[in-house]
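As the structure lists them, so they are numbered: ligands from 1, and atoms in each ligand from 1.
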Amino acid sequence: MDLLHSQLAILQQQLSFVATDPIDWKSYVQACSWGVTLFESYLLLRQYPLYSKTSPPEVLAGHFDDGAFQKSQDYGRDKAKFSLVTGLLKQAIDSAILHYGLYASAWDIGGRMIAYFGYGSEYEILQSLAFAIVLFVVSSIPSIPLSAYQTFVLEEKHGFNKTTPMLFVTDLLKGWAIGFVIGTPFLATFLYVFQWAGDRFVPWLMAFMLAFQIIMVILYPTVIQPFFNKLSPLREGELRTRTESLAMKLKFPLKHLYEIDGSKRSSHSNAYFFGLPWSKHIVIFDTLIKESKPDEVEAVLAHELGHWYHMHPMKLLCVSQVHIFTILALFPAFLHAPQFLQAFDFSKAVSARPPTVVAFFLFQMILTPLEAFIGIALNFLSRQFEWEADRFACEIQDRLSAPEMNDMGERLGRALVTLHVKNLSTVWVDWLYSAYHHSHPTLTERLKALEAFQAKKDGAAKKEL
Ligand SMILES: [Zn+2]
């Protein structure tokens, strides 16, 4: 532990310029955030002309009828336009908030809120919670009409929307209530650990964040998700038998098998698993069950279980720990730097003893360019995991010595095509746009790889003969 702290102290020394040099942090944040937004707009402009193509890529030619392909192009174009406008609009609002020093005002408003209830500025955690609520409300106001437009105009136009205005409002209120119930104690504990551990907060906060992540893995599906969706046990029948037998053969600790009423809000479909290492739950969207045959859904689940077999969720958890550690290790230099807060229009009095929540919030903005690169790296990693899970599904026959699973790759291919066609997913994708945004390889790439895995397997089988 002492080694860790001595290393962290050396890092802080290198960052000591933050406390001493007058740096125009505000312009830096403006430049970085506009840089990221303009780059994302540029990517959309690269992608945009591809929506004018009149036929799908060759591998997909047989799967799309003309109408479906044209629909997917129209849907993609509308979504791209919407992303371009909302991206620029949100950035303009954030930029104005930053320019007019409204973060400093939010801290003062938080102070007045708690003063109303008789608490003074010595109650830093309380004022921090009020500050977070003010920021949350301010950032929610522009996003509500945008999200309503997306649901009731964009998705509606392309036949996906199943949300009623009533459901939209109750979802919003439920989301806020749950966010408040979970977010407030989380932030309070987070800030308390800072106060309590002093300069040695890094390992303690890491332990706290890890515990929180694990608690959420348990709470989300059992307590939170039922507020929004109904999970019912999957009916007896071919799909259930196939899934249970697949799980058993792979020694996947399947506790419950659910069908989720995803169709209540949207016609998009999917499947996923969650849970602790010894007790897992599989959830299948009702839309997927309706649109694909049981043997194809089984192939989708074989892909999902490939993620489990290769421990992808665990690996991602480890990566996120490294990410959190990096952020926390860099932070102290910004925590004790009055000049840093002053650069964002905070008063001399507030900046002299920087509130942790404010310093951490501003520090996050400083990290914008770093986070953009981390996002790219995480998407790259996630795409590798997708290849690996596809490969797992293709090779499952050998792993389980189950000849009836020989065509799993083809079945997965068919299921993916159905998913893409029904979801009107974009099939022509610019490589740079994809590298930046996509956590999954494109459909064309996946089908080609599935064919290659299958050919390699068939080749190996022939050699054995
Ligand atoms: Zn996957």
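Looking only at its N/O/S atoms, His307 has NE2 as the one nearest to the Zn ion (ligand 1). Shortest distance from the Zn ion (ligand 1) to Glu386 is reached at OE1 (N/O/S atoms only). Closest N/O/S atom of His303 to the Zn ion (ligand 1): NE2.
Without hydrogens or angle criteria, Gln12 side chain to Ala329 main chain gives a donor-acceptor distance under 3.5 Å.
At a cut-off of 2.8 Å, Asp390 is not counted among the residues with an N, O or S atom near the Zn ion (ligand 1).
With no hydrogens or angles considered, no side-chain donor-acceptor pair links His437 and Glu40 at under 3.5 Å. Inspection of the His438 and Asn379 side chains reveals no N or O donor paired with an N or O acceptor under 3.5 Å.
A salt bridge is defined here as a Lys NZ or Arg NE, NH1 or NH2 lying under 4.0 Å from an Asp or Glu carboxylate O, and Lys249 with Glu298 fails to meet this definition.
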